[in-house]
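The analysis underlying the following values was restricted to heavy atoms, covering all of them including side chains, and did not include hydrogens, waters or symmetry mates. Note that ligands are numbered from 1 as they come in the structure, with each ligand's atoms numbered from 1 the same way.
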Amino acid sequence: MNILFVTSEAFPLIKTGGLADVSGALPKVVRTLPQYSGSIRLLIPGYNPVLAKLKNAHEIAKVTVLGQQCSLVLGTMPDSDLAVIAVQNTFLYERNGGPYNDAQGHDWLDNPLRFAILSRVASILASTNSPLPDWKPDLVHCNDWQTGLTPAYMKLVDHSPAKSILSIHNLAFQGNCHPGWLHTLGLPEESFQINGLEYYGQISFLKAGVFYADKLSTVSPTYAKEIQTEAFGFGMQGLLKSRADDLIGILNGIDANEWSPEKDIHISKHFSKSNLAGKKVIKANLQEHLGLHIDANAPILGVVSRLTYQKGLDLLPSIMPELVQAGCQFAILGSGEKGLESAFNDMAQRFPSRVSVTNGYHEHLSHNIMAGTDMFIMPSRFEPCGLNQLYGLAYGTPPIVTRTGGLADSVCDTNELSLKHHTATGFVLENVSEMSLLVTIQRALSVWKDQPTWKKIQINGMKQDLSWETRAISYLSLYNNTLEQ
Ligand code: ADP
Ligand code: GLC
């Protein structure tokens, strides 16, 4: 079974969020499963960092796609021998800025073309006209809206014999554009209808994938159910419900080579569930590094996040003064909505030895916040899976979360019963409100004062099987089911 895994980001080549973590780990782990035979290749746009980091890169073909000359560059990941094909086109992908937007955060205006080309290349590689006759995928695994047109091209344009799966990592990002793009994107007129890729008068890349893919998956069982409802379906709940038999939720895992307190290359001391001593050292180093008052008895609450409506962190600034008063410290890393950035920065100015705020993207600091803080805050309004709460569990940093999506599937609230059954791993809000966040953090703080009980919660979390190996087996059976369909 040959698999083409199509994605717009993959760690360590390029990362803006959890999709990169998944794309960097899942294909790598599937190919090592004893039950799997075949070869996997990852397909990604040739952004500057991708071209710079690929190992043994060499051109294997040239293709003209939607009027653009692209070169297909084959190489391997910098940290494994997973094969990667980068779609190279200087004009489309080699820009200063992010994969989706410019340095000011504005979406690239030609995103429809940039990601249609990625999608069309995937479809061509899975067709009988592929320029790579010696390697053909039996299955194309697409991820999020950026690859959503792939199943449409496979069915309607290239008449591909291969099967397709679309994994939805976040239904909020849909890749919608004006119908005037239809011709430029090489999409047949008849696809622009309700039983096709039309979505409220626009072309929707994500809807195309949801409609045309043979199978659908999303990144947690709870989110798979939520997206079939009006509250979480972003208008696609009806279509998703009609495809319920083809939709499965598989919880994400952790890449243990990157995110393990026993071998993390970013932290100054390693630790484990049988010896947590190193965590205290990292905490003291973190306090020093961030200019926080060095105090082992002050609980530090960590945040590493995109600062957007989804993440619910707008609930935090107004309750921070009360928590600082109660002795808490904050280590916040994130960027996004400017209003929220400045609300956090105001807190840091007001309480310089208690609140640290870092804007921007910092891989090294994110690992040290995960490892060196005492609790992790993630009050998301919706969360398809969420990886940071999984990292919190692995690093003995109990997460404080809302009961939604993957948060509901991975964190067990602390109460008498869950403590007795050794299942307590964190703290779950009753609802998404400032009051609920405050009360839940206060509840966590009162347990924190009882260190032997706190340690039990940490160890319960650290004992969870969060590995990709288990999840990869579920993906493999999804792959098998899709091929048998
Ligand atoms: P999402 O993909 O919705 O942003 P996830 O929890 O699935 O949320 O994944 C977020 C990933 O991005 C995690 O690996 C997290 O550590 C990382 N991350 C988010 N913001 C930052 C930041 N400012 N600096 C470094 N890493 C970040
Ligand atoms: C998205 C979601 C996040 C999920 C990640 C990886 O970015 O917002 O919840 O963990 O994709 O699947």
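- A side-chain N or O of E363 and one of Y361 form a donor-acceptor pair less than 3.5 Å apart.
- Within the 4.0 Å heavy-atom criterion, the part of N252 lying near ligand 2 is the side chain and not the backbone.
- Using modelled atom types, one finds a donor on one side chain and an acceptor on the other under 3.5 Å when comparing N176 with Q174.
- Residue contact annotation: G360 has a non-hydrogen atom under 4.0 Å from ligand 1.
- Numbered from 1 in the order shown, with element, the atoms of ligand 2 that lie under 4.0 Å from a heavy atom of V219 read 12 (O).
- Annotation: K311 places no N or O atom under 3.5 Å from an N or O atom of ligand 2; distance criterion only.
- Considering backbone and side-chain N/O of D21, one or more are found under 3.5 Å from N/O of ligand 1.
- Between the side chains of Y391 and D264, no donor-acceptor pair is found at a separation under 3.5 Å.
- A donor and an acceptor atom, one from each side chain of T404 and E226, are located under 3.5 Å apart.
- Using a 4.0 angstrom heavy-atom cutoff, M370 does not count as in contact with ligand 1.
- Of the protein's heavy atoms, Y361 CD1, 3.6 Å lies nearest to atom 22 (C) of ligand 1.
- Each of W108, F205, Y93, W145 was checked for a ring-ring contact (aromatic ring centres under 6.0 Å, His included) with F115, and the lone residue meeting it is W145.
- In the model, S467 has a side-chain atom that pairs as donor or acceptor with a side-chain atom of T470 under 3.5 Å.
- For ligand 1, the atoms closer than 4.0 angstrom to any heavy atom of L387 are 5 (P), 6 (O), 7 (O).
- Distances between N or O atoms of W259 and those of ligand 1 include no value under 3.5 Å.
- Ring to ring, Y475 and F5 are not that close: their centroids are 6.0 angstrom or more apart.
- Between the side chains of S217 and S167, at least one donor N or O lies within less than 3.5 Å of an accepting N or O.
- Protein heavy atom in closest approach to atom 16 (O) of ligand 1: N388 OD1, 3.1 Å.
- Note: T7 OG1 to N143 CG = 5.0 Å, rounded to the nearest 0.5 Å.
- Put simply, the residue from L54, V84, L13 that forms a side-chain contact (heavy atoms from CB on, under 4.5 Å) with P78 is L13.
- H169 O, 3.1 Å is the protein heavy atom nearest to atom 2 (C) of ligand 2.
- If you number the atoms of ligand 1 from 1 as listed, the ones under 4.0 Å from a heavy atom of G386 come out as 6 (O), 7 (O).
- Checking only distances, G386 does come within under 3.5 Å of ligand 2, N or O to N or O.
- Ring geometry for W259 versus H367: interplanar angle under 30°, hence parallel rather than tilted (30 to 60°).
- Looking only at protein heavy atoms, the nearest one to atom 24 (N) of ligand 1 is H362 N, 3.1 Å.
- No donor-acceptor contact under 3.5 angstrom links the side chains of E9 and Y47, judged on distance only.
- Ion pairing between D107 and R114 fails under the 4.0 Å rule for side-chain N and carboxylate O.
- At a 4.0 Å heavy-atom cut-off, ligand 2 touches L19 through the backbone alone.
- Near R306, meaning under 4.0 Å from any of its heavy atoms, are these atoms of ligand 1: 1 (P), 3 (O), 4 (O), 20 (N).
- At least one heavy atom of Y391 lies less than 4.0 angstrom from ligand 1.
- The contact set between ligand 2 and V22, taken as ligand atoms under 4.0 Å from a residue heavy atom, comprises 6 (C), 12 (O).
- Of all the atoms in ligand 2, the ones that sit under 4.0 Å from a non-hydrogen atom of G18 are 5 (C), 6 (C).
- The protein non-hydrogen atom at the shortest distance from atom 3 (C) of ligand 2 is E383 OE2, 3.3 Å.
- Looking at K225 and D409, no side-chain N of the basic residue comes within less than 4.0 Å of a carboxylate O on the acidic one, giving no salt bridge.
- Residue-ligand proximity: G406 is placed with every non-hydrogen atom at 4.0 Å or more from ligand 2.
- Of the options L365, V281, I294, a side-chain contact (heavy atoms from CB on, under 4.5 Å) to L286 is made by L365 and by none of the others.
- H169 does not count as a contact of ligand 1, since none of its heavy atoms falls under 4.0 Å from the ligand.
- From the protein, the heavy atom lying nearest to atom 18 (N) of ligand 1 is V304 CG1, 3.9 Å.
- Each of the following atoms of ligand 1 lies closer than 4.0 Å to a heavy atom of S305: 20 (N).
- Looking at K311 against ligand 1, only its side chain comes within 4.0 Å, counting heavy atoms.
- The protein atom (non-hydrogen) at minimum distance from atom 2 (O) of ligand 1 is G18 N, 2.6 Å.
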